[in-house]
Number of protein chains: 2
Amino acid sequence: MTKKSADSANGSPPAARQVPMRDFSRSLPMSLLRAREAVMRQFRPSLREHGLTEQQWRILRALAAIEAVEVTELARTAFLLGPSLSRILRDLEARNLIERKTAKADQRRSMVSISKEGLKLMASVAPTSEAIYAEITRRFGARKLAELQEMLGELERSLAGLGGADDTLAEG
Amino acid sequence: MTKKSADSANGSPPAARQVPMRDFSRSLPMSLLRAREAVMRQFRPSLREHGLTEQQWRILRALAAIEAVEVTELARTAFLLGPSLSRILRDLEARNLIERKTAKADQRRSMVSISKEGLKLMASVAPTSEAIYAEITRRFGARKLAELQEMLGELERSLAGLGGADDTLAEG
DNA sequence: GCGAGATACTTAACATGTTAAGTGAATGCG
DNA sequence: CGCATTCACTTAACATGTTAAGTATCTCGC
């Protein structure tokens, strides 16, 4: 029994099961993915009605809280990668939902802000969005929701600095 | 104070802040997204070294546990949408990591299984993958990890049936 | 004050997410 | 049987995720 499988000795497909691993459907990434999808499934239809994607909505929300931000800072806030943000900003600007102008001091930087139209759109989406969030909170329980978010934060912090890729990590 | 903002009355960009909402960075979707990203960041480099994406790896893992599955069932297991799965299966088949053959009884269905090469690839990835998972577990704590996953499952269940889109929901 | 390196984006290229439409095969009903 | 429906996928189209290159600008040492 070194490496041979217990196949039925005919031309059937490989028996699989030869690579022992955790039950994949119970892995942490899958749990997080499914939970997030369950949540976002609630919001997408409403956003879609207003012609917004999840990410566009994230950007508008991030912008609504401030006067103006640099693109890099916005990427950090809205948790988007530079290239994604770059594309989305191009589109949002074309739709006049945001405004952009280069910083005086540093020509490389461009300051982004939400436009009046953008604010109007937000105002029309926010009520539904808040109602959905409230219903989710009601169903899951406000206290448990807070606990969950606390744990998610802890998870994040406990993995911070566990180099994913090009992080500047001393490995010695 | 009906609708006018407290702008400084010059040509500066809109003051924003006119749409009151929760602090967006603390929303549940963002928490879930960030937590998941923190986790996946650990796995991606290793997968990448083996020429696999996260989703391709999910599919191989799902296949490794069984003889063969229909595409629809696989989509459910690997938590992928049909179109994504369709594309990925095409590529995995071209790389000879999976095999596909139409079901005898129903010509519409196609049964997918992992190939010997696929199993070999899995065997070469699994150790690193398991080690990373173990390290994550160690950092966050096995007990807390179990708690977290329990909560995520509860969240999912509490939102099940809260119609996202085309669910068959009676609204009256 | 200039040239190497760092910064702040943007483009490009490829893979997936998401929704809609298309295709071929099974089902059910008159 | 005939045909409209349903089903199991696949294609298409557009938006984002992800990594690598490219571009313009800035900073700093010399």
I'd like to check the side-chain contact (heavy atoms from CB on, under 4.5 Å) partners of R48(B); sequence neighbours left out, ordered by chain and number.
none
Residues which pass side-chain hydrogen bond (donor to acceptor under 3.5 Å, both in side chains) with E37(B), listed by chain and number, not counting sequence neighbours
R44(B)
Could you work out, with side-chain hydrogen bond (donor to acceptor under 3.5 Å, both in side chains) as the rule, every residue matching N96(B), not counting sequence neighbours?
none
A correct 5'-to-3' footprint of nucleotides 13-18 of chain C, with B, S and - meaning base, sugar-phosphate only and no protein heavy atom under 4.0 Å, is B-SBBB
Co-members of F24(B) in a cluster of I, L, V, M, F, W and Y side chains, linked at under 4.5 Å:
F79(A), M30(B), L33(B)
To the nearest Å, give me how far apart CG (L89(A)) and P (dT11(C)) are.
11 Å
Applying side-chain hydrogen bond (donor to acceptor under 3.5 Å, both in side chains) to T77(B) and not counting sequence neighbours gives none
Looking at T72(A), I'd like to know whether one of its side-chain N or O atoms comes within less than 4.0 Å of OP1 or OP2 on dC9(C).
yes
Applying salt bridge (Lys or Arg N to Asp or Glu O under 4.0 Å), can you list everything that pairs with R138(B), at least two apart in sequence or on another chain?
E135(B)
Give me, pair by pair, the N or O atoms of the protein and of nucleotides 23-28 of chain C that are less than 3.5 Å apart, along with how far apart they are.
{"residue": "dA26(C)", "atom": "OP1", "partner": "Q107(B)", "partner atom": "N", "Å": "2.8"}

In whole angstroms, the gap separating C1' of dT10(C) from CD of E70(A) amounts to 16 Å
R61(B): partners by side-chain hydrogen bond (donor to acceptor under 3.5 Å, both in side chains), with sequence neighbours left out
none
Side chain to side chain donor-acceptor pair (under 3.5 Å), that's the test. Do Q149(A) and S31(B) meet it? Break it down for me.
CA-CA 6 Å; Q149(A) 292 193 272; S31(B) 296; 3.0 Å; yes
